[in-house]
Amino acid sequence: MNVATRTVTQALRRLSFTFAADGSHAACLASAADGGWYAESWRLPGDGGAAEPTALSLPGNRSESLRSQLVALPDGSVLVCRHDGERHDLVRLRSGENASAEQQLATIRMPGLRLLPLPSRPGSGARTPVAIALGTDTRPATTIWLVRADGSEPEQVAEVAGLHGGGVWLDHTGALLALDRVSAGIVRSVVLDLRSGAVTPLLEIGERSNDRLVLFDPDSRFAMVRSDAPGTDRLGWGALGGDEPLRFPECLHVAGMFLRPVALRQAADGPRVAVQIDHGAGSALALWRPAMGRLDPLPVPPGRLGAVGHWGEAGLRMPYSSPDHPAALAALDVDALLAHGPAPAASGPMPLPLQLAPLGSGLPGPWRETAMPWQPGGPRISPTPPDGWRLDGSTPPGDGGRWRSAQSLELAGPAGPLEAVVYGGDAWLSSPHLVLALHGGPADAWRLEFDPALQRMAAEGLAVIAPNQRGSTGYGVPHAMAIRGAWGGPDLDDVLYLLDGIAGQRAALGLEPPALFGVSYGAFLALLAAAHAPAEHVARCAVVAPFLSGARLLAEAAPPVRALTTRLGGGEPIADARGPRDVLQLAHRLSAPLLVVHGNRDEVVPVSQSRSLRHELLRIGRVEGADFRYVEAAGSGHEVLAEEGAAVLHELLAAFLRTGRPG
């Protein structure tokens, strides 16, 4: 008899992509409009045909956790590790007629556990291990098990002192594994022999350098490493075990950019490496060929690449997303992309004050949609996908509609340029309704990728400007570290500066001021901005999972969140004319219509934070349903906008931000 099964529609969000060792399949976590997460298995045809996703929906109307880790297996099944505190359940999912077949494999109890797929082995039988599990505890030590997919218990093969991360195979049999050992504050790659459990050094470039192996070809022994031995953290290459020293060419070190090797393939001219280049909101892709001694840009559409890939006979496959393309798998013919030749150079967007922002569509200016340049004079990317690029499995909008596009713009900030992801075309500033959206984190950023919440706002007719103010990642260490020990300091300055400029320009046009929207840390920042900005600068404010201050979060959060808050200096007070950055003490200054949404099972920001704000608003005489609305999402955690029922909340938020009616 069939059990009740969640109805799975096409995915709007996908994350945590993983590829089977032989490149025949991939897997990811996927979410449809209702926000329920499930595993997806992708068949990757060897002839280069379109990749085909299959939903592995769970029986009993259950959802996967966002924290579940997946390993794609060559037969199309998916190994899943589900984490619940120190309990880690290993299960295998396979496609069935009405629901996926769910095979319980084992349970491992450790403070931390992660999986690594084993290399593909031709002719492997049912008893052949498919992955290893690396468990860490507080001693510190790392325990390693072999995991099989036949239901047998994992086999412990080693226990080594110290904490180990990373994981690069040094052979085709799954016997030698390079791991990154953390010791005395230094990270260095070591070799673990799974046959004997012995650990030996692998990389020791400088006396106190951090040295990690990031990519390796067992046949040629070609290796790519990341090390700060040259003075700064950068990529190098060489042959492990050879007589030649490792080399750190200048072309693999681009100031302000993060270069990430994602896939390697041997060719007639030697090794070829696909390198993802991240800066700010967008990603670029380039080809590194040691024999050529240069990094050649590949003309891929603007958006965000997924930092993993597989390069086989059928070409290179990588996850990709853009504001108007939900995440899916891109298929790249690298030779065809190279044949396009160098793209015409562009100087990139120039940061301008809001007074010069375009107010109508089609006006000339430097804010046309471009890819973020990965080097000075970097390529301008055509919005038309080039030959050699195909996107498989991206979900189209329903009812014959269209997904709203966004562009990456730079605005002048109080201490330098600020990049923002902007929906609303060239006329975003003069849109009837405009939302200033603030991301969570704080060590996070808005990306040039599909975002269901922002997409729903844009579909409601709202223009959206989502800035990466100081504290955001992707713009170098000084930008990210600007708020260390100063939560609500430089980042609040940036937000208030943008609010002042936007509200002033809109007032001159006879338009209402912008609305504020924020999630988690962005919700805290939005509430601070609403309290400190003049009343005429904020039309309304919607926040999701806010905390009230760093100190209050430290007092109520779980140990991992307290540790992160302490490490980022969230509890340190700011002494300036604005006074304490405490929303509860500023509640009397929150005059704009307010919507507060919080999951009642939030494991990161306790729901007690929002409950305290609600009680304070009631205490000072605010009327619930008229001055503010408070919504607790039953059964939801911190990712309330990505969990089951998220579509209803997206609708609620978009409607409130457009109308301001809390009732």
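With salt bridges taken as basic N to acidic carboxylate O contacts below 4.0 Å, one links Arg195 and Asp193. A salt bridge links Asp278 and Arg304; the closest N-O separation between the charged side-chain nitrogens and carboxylate oxygens is under 4.0 Å. Here Arg109 does not pair with Asp89 in a salt bridge; the nearest charged N to carboxylate O distance is not below 4.0 Å. Ion pairing of Arg221 with Glu244 is absent here, as no side-chain N (NZ or NE/NH1/NH2) approaches a carboxylate O to less than 4.0 Å. Residues Asp75 and Arg92 are paired through a salt bridge, judged by an N-O separation under 4.0 Å between the basic side chain and the carboxylate. Using a 4.0 Å cut-off between charged nitrogen and carboxylate oxygen, Arg148 and Glu155 count as a salt-bridge pair.
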### Task
May I have the step-by-step check of salt bridge (charged side-chain N to carboxylate O under 4.0 Å, His left out) for Glu52 and Arg43, ending in yes or no?
CA-CA 5 Å; Glu52 301 172 0; Arg43 187 177 72 86; 3.3 Å; yes
### Task
Evaluate the criterion side-chain hydrogen bond (donor to acceptor under 3.5 Å, both in side chains) for residue pair Asp219 and His172; output intermediate values, then yes/no.
CA-CA 9 Å; Asp219 295 323; His172 295 299; 3.0 Å; yes
### Query
What do the steps show when you test Thr136 against Leu113 for side-chain contact (heavy atoms from CB on, under 4.5 Å), and what is the final call?
CA-CA 6 Å; Thr136 55; Leu113 191 81; over 6 Å; no
### Message
If you apply the rule side-chain contact (heavy atoms from CB on, under 4.5 Å), what do you find for Thr200 with Val190, and how did you get there?
### Response
CA-CA 6 Å; Thr200 55; Val190 296; over 6 Å; no
### Task
Kindly indicate, with the supporting measurements, whether the criterion side-chain contact (heavy atoms from CB on, under 4.5 Å) is fulfilled by Arg226 and Asp180.
CA-CA 11 Å; Arg226 186 178 298 280; Asp180 297 334; over 6 Å; no
### Task
Check step by step if side-chain contact (heavy atoms from CB on, under 4.5 Å) holds for His253 and Phe248.
CA-CA 8 Å; His253 178 64; Phe248 294 86; over 6 Å; no
With a 3.5 Å cut-off and sequence neighbours excluded, list the donor-acceptor pairs that the side chains of residues 161-169 form with protein atoms.
unit_1	atom_1	unit_2	atom_2	d
His164	ND1	Thr142	OG1	3.1
His164	ND1	Gly162	O	3.1
His164	NE2	Arg181	NE	3.1
Trp169	NE1	Pro117	O	2.8

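A donor-acceptor pair under 3.5 Å is absent between the side-chain atoms of His325 and the main chain of Pro396, judged by distance alone. Distance alone, capped at 3.5 Å, places no donor-acceptor pair between the Asp228 side chain and the Asp233 backbone. A donor-acceptor distance shorter than 3.5 angstrom exists from the side chain of Arg67 to the backbone of His83, with no hydrogens or angles considered. Glu643 places no side-chain N or O within 3.5 Å of a backbone atom of Gly36 that could act as its donor or acceptor partner. When atom types are taken as modelled, the side chain of Gln276 and the backbone of Pro261 share no donor-acceptor pair closer than 3.5 angstrom. Side-chain N or O atoms of His25 include none that pairs as donor or acceptor with a backbone N or O of Ser77 at under 3.5 Å. No donor-acceptor distance shorter than 3.5 angstrom exists from the side chain of Trp389 to the backbone of Asp333, with no hydrogens or angles considered. Using modelled atom types, no side-chain atom of Thr18 and backbone atom of Ala27 make a donor-acceptor pair closer than 3.5 Å.
Side chains of Val199 and Val191 form no contact here, defined as non-hydrogen atoms less than 4.5 Å apart. Using a 4.5 Å heavy-atom threshold, the side chains of Leu56 and Ser95 count as touching. The shortest distance between side-chain heavy atoms of Glu64 and Leu29 falls below 4.5 Å. Taking the side chain as every heavy atom from C-beta outward, Arg272 and Leu264 never approach each other to under 4.5 Å. In this structure, Met224 and Leu252 have side chains that are in contact, with non-hydrogen atoms separated by less than 4.5 Å. At a threshold of 4.5 Å between non-hydrogen side-chain atoms, the residues Trp42 and Phe17 count as touching. Residues Pro249 and Trp237 meet the side-chain proximity criterion, which asks for heavy atoms closer than 4.5 Å. Within the 4.5 Å cutoff, the side chain of Leu287 has no heavy atoms near those of the Val273 side chain.
Summarising the geometry of Leu58 relative to Arg82, their closest heavy-atom pair is CD2-NH2, 3.5 Å, with the distance given to 0.1 Å. Nearest heavy atoms, Asp269 versus Arg289: OD2-CD, 3.6 Å. Taking every heavy atom of both residues into account, Asp324 and Ser405 meet most closely at OD2-CB, 3.7 Å. Closest approach of Ala30 and Ala11 over heavy atoms only: CB-CB, 3.8 Å. Counting all heavy atoms, side chain and backbone alike, Leu170 lies closest to Phe216 at O-CE2, 3.5 Å. Nearest approach of Asp22 to Pro74, heavy atoms of both residues: OD2-CB, 3.4 Å.
Interatomic distance, Ile108 CD1 to Trp145 CH2, rounded to the nearest 0.5 Å: 5.0 Å. Rounding to the nearest 0.5 Å gives a distance of 6.0 Å between CG of Leu295 and CG of Leu259. Summarising the geometry, atom CG belonging to Asp451 is positioned 13.5 Å from atom CZ belonging to Arg456; distances are rounded to the nearest 0.5 Å. Taken from CG in Leu134 to OG1 in Thr143, the straight-line distance is 9.0 Å, to the nearest 0.5 Å. The structure places CZ of Arg13 at 13.0 Å from OG1 of Thr395, a figure rounded to the nearest 0.5 Å. To the nearest 0.5 Å, atoms CG (Leu66) and NE2 (His638) are separated by 11.0 Å.
Among Pro326, Ser394, Pro53, Ser31, the one residue that satisfies the side chain to side chain contact (heavy atoms under 4.5 Å, CB included) test with Arg14 is Pro53. Screening Leu177, Leu192, Val71, Val157 for a side chain to side chain contact (heavy atoms under 4.5 Å, CB included) with Ile132, the sole residue that qualifies is Leu177. With Leu285 as the partner, the side chain to side chain contact (heavy atoms under 4.5 Å, CB included) test is satisfied by one option alone out of Val275, Leu332, Asp296: Leu332.
Taking Ser321 as the reference, Ala327, Glu449, Phe450 meet the side chain to side chain contact (heavy atoms under 4.5 Å, CB included) condition, with sequence neighbours excluded. Asp211 meets the side chain to side chain donor-acceptor pair (under 3.5 Å) test with Arg188, Ser209, Ser227; sequence neighbours excluded. By the side chain to side chain donor-acceptor pair (under 3.5 Å) test, Thr473 is found to be paired with Arg447, residues two or more places apart in sequence or in another chain being considered. Listed by chain and residue number, Asp217, Ser220, Phe222, Pro271 satisfy the side chain to side chain contact (heavy atoms under 4.5 Å, CB included) test with Gln266 (two or more places apart in sequence, or in another chain). Taking the ring pair (Phe, Tyr, Trp, His ring centres under 6.0 Å) definition, one finds that Trp311 meets it with nothing, sequence neighbours left out.
Summarising the local packing, CD of Gln104 is surrounded by more than 12 heavy atoms from other residues, nucleotides or ligands at distances under 6.0 Å.
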